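First the structure, in the form of structure tokens, and then the observations on it.
Here is the naming used below: chain letters follow the sequence lines, and residue numbers restart at 1 for every chain. A quick note: this is a predicted structure, and the numbers were derived from the prediction, not measured.
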Amino acid sequence: MSSTTSTDPLFEKAYESSSHEDGIYAAWEDSGFFNPDICVEKGVCEKDANPFSMVLPPPNVTGTLHMGHAVMLAVQDVMTRYHRMKGDKTLWLPGTDHAAIATQSKVEKILFDTEGKTRHDLGRVEFLKRVQAFAKSSRDTIVNQSKKMGSSLDWSREAFTLDDERNFAVRTAFKRMYDDGLIYRGHRIVNWDPKMQCNVSNVEIEYKEEQASFYYFQYGPFVIGTARPETKFSDKYVLIHPDDERYKEYSDGDTFTCEWINGPITATIIKDEAVDPEFGSGVMTITPWHSEVDFHLAEKHNLNKEQIIDLNGKLLPVAGEFAGMLISDARKKIVEKLNKKGLLVRIDEEYVHNKATNYRGGGILEPQIREQWFLDVNKEFTLTRSKIDGIASGDMVTLKHIMQHVVRSNQIEIIPSRFTKAYFDWVDNLRDWCLSRQIWYGHQIPVWYKGDDVYCGVNPPKEDGWEQDPDSLDTWFSAGLWTFSTLGWPNEDAIDLQTFHPTNVLETGYDILTFWVIRMVLMGTYHMGEVPFKTVYLHGLVRDEQGRKMSKTLGNVLDPLDMTAKYGTDATRLSLLIGGTPGNDMKLSEAKVAGFRNFTNKLWNISRFVLMNIESPSKDVDIPTPKTLADTWILERLHDVFLSVTKDIEEYRFSAAGETLRDFTWNDLASWYLEIAKIEGNKSQLLNFVLNTVLTLWHPYMPFVTEVIWQKVYGKDEMLMVSKWPEFSFSQKATGFPLLQDVVSGIRSLRASYGISPSKELRVVCVSSDHNDLFTNNTEMVSTLSRLSSFDVVSEKGNVEGMASFVTSGAEVFVDLAAAVDVDKEKTRLEKEISSVAPYITSLEKKLKNEGFLKSAPDAVVLQEQQKLTDAKEKHDKLQTQLSSLM
RNA sequence: GCGCGCCUAGCUCAGUUGGUUAGAGCAUCUCGUUUACACCGAGAGGGUCAGGGGUUCGAAUCCCUUGGCGCGCACCA
């Protein structure tokens, strides 16, 4: 446990995340600085500062947060905190999504499991109350979890896709699109879920592979193949490819009569190229009411359409004796009957096909023709007001065209760029969007009927006698408005809307590109006349150690809250931010989180040590003038790190920025510089400056531990979260420092390979002609770090007999291992060194003799290679000399 | 069927427009003087960059190809 001595400025020897995090988050919240207005008011950012805005992809109110949410929160919080510290007017806007079907089906399940009731038992009003209560409690959980992750979201602007403001936005949006003639009502084939009693859009289908029987039946002169005999009752069209030689005797339009399931039937032959002669028997019958492809074929050839299956998945009277049966029950019996009639030719049991299911709830989807509301994406209309480059106000456009245009013209950039292709694949093939859903939970369609009259309006018609359409809207309709419905729209004058729209970045998982991102582009460009965001950053999915999706049934779920409780939020965030690249899935293990917990503690202890060596810490300390080579070196490194971290964050390379920082913090700062500081002493100002800068750079990644340290040092009134991102310049170079590092490492390595105790002090002779001053000036540093009794710097090697040696660029180092030196071992060691340098020299020489290289390579590269060769040769010669002296 | 991605150290992954003898973390092995830290320190071993071909002075990186894995879309009578 922690020790508490008065000399420890931070009291605890090990950082204990759980005792700090809640208090720190509360302090952030109380400060109000998550809200950009307060930042302006309190002078944290300028009134006319650049805005930086981002909406949080609203989690569904169906449950709790998982690792996918955690990675999203971590990445977005890094951006938000970085921009806030940079002085931008920064808004990260939270909210939740009512997730219509998902939430309703979840509550229906709970209702049925606990009370054995259906929603119809409760009725619409009572049922919706239950859903709302569920959504409310789910929302509370989500908010608390988001806070636990340290998310600096502006809770004062929190929105819900189904609250009053968003409902008003939805009605307004629907009305505008209706008036533009883009929303229409019509009979189309939809994906009907008999279980949910609702249709779903194409993107909501989840295909599941299934092995099933594929039946071949005699159908007049033909053999037809089908996996679905139960739909075949009224099939009376036979389709054949026009070029199929096997059936060339038949012509388009020919009819014949044959025996079928419930007696004789008259069928018509249709020739169409849609038929694949290779599949099955090359002959097919069609069922326009229950197949999208068949529906379009029927439309094309103007064929009759007849419903066979009702909305509950039961057969209709057309099925005769099978009427009223469920599909699953009827199928076998129908096959049996056809078999008895001698019409069953054979059954292929190995048939594998994709079964369409509802990805929310898993019901098996049955295509049905229904009257629904659609959004026409191919219809031309006049875009009244446009701020989009390349599309002027008043231009005739289609929604699809705008969606293609804004990405093609780079007004929206997708990161990683390969997803641009997925975007176009989807947009180019976009079909009309079915907007209506036959569920209760959601935005009710703002359309009213009276007799044959239809009224669409933001508000109900004033007169009596109108009845509202009972259907609700696809949840993605309201989600599509999210970037602007959360900023005050449809009030065009809303200050938030004018300040923060378009948003800068939309950060989300790549799996949501087609569902949501595309809908926001559609809605944003149409309603706002501008892109909803300038950049789309897509992160990968979080998987388990074996690369499997995390799921409750597999029991491989890592709960972010378990991780934060055990290892701290900072460690959890780091494990999600470092070690992956955008758009690629990452495997997460508990060991990885634990590793970053260790780093969190390292930073904590670095700070503890540094603070013991600062006289009176100041948060505003200026960059000091370096007094030693090491000082120059650490400032040079710090400056490089600051530049590259800043650039990496700006360019969305979050992992790279984190790795650079970790490498600097652990290796350069802790392992080298702090050890030197112990020797050189008297570095108050420099250590103060380095500590401040390091804590600041780390803050977006590890907000808690950095803030805890900051406030312990500078008081509760100071807040790192709103301190300024570093801005300093440093142009000095610590040229010789890496050479000193090489010498120290070389001595340590020799010591280890000879098994000499670290406590044994050694005598070293350093032969250098060019770097005498460097070594002389740093004798104490080298001696202490390598544990030497003497470090003699000479330009000519004297008597070094019996000493082990190594070569580094610029110096030959001889280490007196006293009696420990084993001549044979030393020879072997040097020979091994030589044998690794020799082929290197050969390859460099070959390269430098190659005329093609000399002619084509840039001068800088050639010079670089020449230098390498010179160095390698020098090293080789010295090693050779050392070796021969042992002979 | 079309498209996309991946294959780099035992494991998890970096490697930006081609230009150090290909890197990191974890794991492994050896040794632990030094009170910031054993959630630590020092050192070490470990890779034909999936296979084959090509372009180039030069390829982990670009092109073609084969194989394995994953994903998306389409088909699914």
Spacing between [X] atom [atom1] and [N] atom [atom2], to the nearest angstrom:
X: A:Asp859; N: B:rC57; atom1: CG; atom2: C1'; value: 14 Å
X: A:Met612; N: B:rA36; atom1: CE; atom2: P; value: 6 Å
X: A:Leu430; N: B:rC73; atom1: CG; atom2: C1'; value: 14 Å
X: A:Asn850; N: B:rG58; atom1: CG; atom2: C1'; value: 8 Å
X: A:Lys712; N: B:rA36; atom1: NZ; atom2: C1'; value: 15 Å
X: A:Leu785; N: B:rG43; atom1: CG; atom2: P; value: 11 Å
X: A:Asp425; N: B:rG5; atom1: CG; atom2: P; value: 12 Å
X: A:Glu230; N: B:rA77; atom1: CD; atom2: C1'; value: 13 Å

Say you pick atom [atom1] in [N] and the same atom in [M]; how far apart are they, in whole Å?
N: B:rU61; M: B:rG51; atom1: P; answer: 10 Å
N: B:rG58; M: B:rU21; atom1: C1'; answer: 15 Å
N: B:rC11; M: B:rU17; atom1: C1'; answer: 32 Å
N: B:rA50; M: B:rC73; atom1: C1'; answer: 27 Å
N: B:rU8; M: B:rG3; atom1: C1'; answer: 25 Å
N: B:rC29; M: B:rG70; atom1: P; answer: 33 Å
N: B:rU16; M: B:rU20; atom1: P; answer: 11 Å

Using only atom types and a distance under 3.5 Å, with no angle test, would you say the side chain of A:Ser786 pairs donor to acceptor with the backbone of A:Ser783? no
Would you say A:Trp672's side chain and A:Ile634's backbone share a donor-acceptor pair under 3.5 angstrom? no
**Report entry** A:Arg608 vs A:Glu12, salt bridge (charged side-chain N to carboxylate O under 4.0 Å, His left out): CA-CA, chis, key distance, verdict
**Finding:** CA-CA 9 Å; A:Arg608 271 184 359 125; A:Glu12 310 157 29; over 6 Å; no
Quick one: are [X] and [Y] in side-chain contact, heavy atoms under 4.5 Å?
X: A:Arg597; Y: A:Ser17; answer: no
X: A:Val335; Y: A:Leu344; answer: yes
X: A:Asp272; Y: A:Lys300; answer: yes

Candidates [options] - which lies nearest the side chain of [X]:
X: A:Ser745; options: B:rG43, B:rU33, B:rA74; answer: B:rG43
X: A:Arg748; options: B:rA36, B:rG43, B:rA77; answer: B:rG43
X: A:Ala752; options: B:rG43, B:rC4, B:rA74; answer: B:rG43

How about A:His876 and A:Tyr840: are their ring centres within less than 6.0 Å of each other?
no
Legend entry - Pair A:Tyr701 and A:Phe596, ring centroids less than 6.0 Å apart: no
So, with a heavy-atom separation below 4.0 Å from RNA chain B, the residues of residues 293-301 of chain A are A:Val293
Residues in residues 592-602 of chain A with a heavy atom under 4.0 Å of RNA chain B, by number, are A:Arg597, A:Asn598, A:Asn601, A:Lys602
Which part of the nucleic acid, if any, lies within reach of [X] when heavy atoms closer than 4.0 Å are counted: base, sugar-phosphate only, or nothing?
X: A:Ile606; answer: base
X: A:Arg662; answer: sugar-phosphate
X: A:Asn354; answer: base
X: A:Phe419; answer: nothing

Just N and O in the side chain of [X]: are any of them under 4.0 Å from OP1 or OP2 of [N]?
X: A:Thr287; N: B:rA77; value: no
X: A:Ser671; N: B:rA42; value: yes
X: A:Lys678; N: B:rA36; value: yes
X: A:Trp666; N: B:rC40; value: no

Assigned partner base of [N], Watson-Crick or wobble definition, under 3.5 Å:
N: B:rA24; result: B:rU12
N: B:rG18; result: none
N: B:rG70; result: B:rC4
N: B:rC40; result: B:rG32
N: B:rA77; result: none
N: B:rC62; result: B:rG54

### Query
Salt bridge between A:Lys647 and A:Glu651, side-chain N to carboxylate O under 4.0 Å?
yes
On a heavy-atom basis, the closest approach of A:Pro367 and A:Ser291 is CB-N, 3.8 Å
Between A:Thr231 and A:Arg228, the two heavy atoms sitting closest are OG1-O, 2.9 Å
Given the options A:Thr706, A:Thr665, A:Asp570, A:Trp698 meets side-chain hydrogen bond (donor to acceptor under 3.5 Å, both in side chains) only with A:Thr665
- Query: Should we say atom NZ of A:Lys825 is surrounded by more than 12 heavy atoms from elsewhere, each under 6.0 Å from it?
  - Reply: yes
Per-nucleotide protein contact along nucleotides 13-21 of chain B, 5' to 3', at a 4.0 Å heavy-atom cut-off (B base, S sugar-phosphate only, - neither), is SSS---BSB
Only residue of A:Tyr423, A:Trp516, A:Phe419 satisfying ring pair (Phe, Tyr, Trp, His ring centres under 6.0 Å) with A:Tyr510 is A:Phe419
- Message: Between B:rA36 and A:Glu675, counting only base atoms on the nucleotide and side-chain atoms on the residue, is there a donor-acceptor pair under 3.5 Å?
- Response: yes
